[in-house]
Amino acid sequence: MPKPVTKKNDAAEKPSEKLICDRCGVEMEMIEVAFDYLSRGFRHKVPRCPVCGQVSLPEELVTGKMADVESMIEDK
């Protein structure tokens, strides 16, 4: 009887990408931030500098959640 084959999880082996703040030079942390976009408010965890508060908006947030807000506004 053959032994089960365990597949390696490539994502688990890759080091996570660290974002460094351009202004402060410190590593950004995942922090929940309140957004007000086109008069709609929502909260989302994004990389944010713990020193100056600068945020990095991931592509999936911009093309997902924010695009949904734009669609809601346009439909009205």
Side-chain angles (χ1 to χ4, degrees):
M1 179 178 256
K3 293 182 181 179
V5 176
T6 305
K7 292 184 178 181
K8 292 182 179 179
N9 184 352
D10 291 337
E13 292 179 9
K14 293 179 183 176
S16 62
E17 183 179 332
K18 295 180 181 180
L19 295 177
I20 305 299
C21 177
D22 286 335
R23 293 182 189 161
C24 304
V26 298
E27 184 177 340
M28 296 180 125
E29 300 173 354
M30 291 301 289
I31 299 173
E32 188 172 75
V33 176
F35 291 93
D36 185 25
Y37 184 64
L38 296 176
S39 301
R40 302 286 183 185
F42 63 94
R43 299 182 74 75
H44 195 79
K45 279 193 173 186
V46 294
R48 180 177 165 197
C49 177
V51 177
C52 71
Q54 180 172 300
V55 298
S56 174
L57 299 178
E59 182 178 357
E60 61 271 7
L61 175 63
V62 175
T63 59
K65 187 77 168 177
M66 290 181 169
D68 291 345
V69 171
E70 287 178 1
S71 293
M72 287 177 9
I73 298 294
E74 290 172 357
D75 290 343
K76 288 188 174 185

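Since this is a predicted model, take the numbers as computed values, not measurements.
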Report summary line: CD1 of Ile31 to SG of Cys49, rounded to nearest 0.5 Å, is 8.5 Å
Query raised in the report: Is Val33 reachable from Phe42 through a run of I, L, V, M, F, W or Y residues, each pair having side-chain heavy atoms under 4.5 Å apart?
Result: yes
Query raised in the report: Taking atom CD of Glu32 and atom NE2 of His44, what is their separation to the nearest 0.5 Å?
Result: 9.5 Å
Report task. Sequence neighbours left out, what pairs pass salt bridge (charged side-chain N to carboxylate O under 4.0 Å, His left out) with at least one residue falling in residues 20-29? Result -> none
Report summary line: In terms of heavy-atom contacts, Cys21 and Cys24 come closest through SG-N, 3.4 Å
Requested in this report: Quick one: name the residues clustered hydrophobically with Leu19, using the 4.5 Å side-chain heavy-atom rule over I, L, V, M, F, W, Y, and just say none if it's on its own.
Outcome: Met28
Requested in this report: Could you pull out all residues at least two apart from Pro58 that satisfy side chain to side chain contact (heavy atoms under 4.5 Å, CB included)?
Outcome: Val46, Pro47, Glu60, Leu61
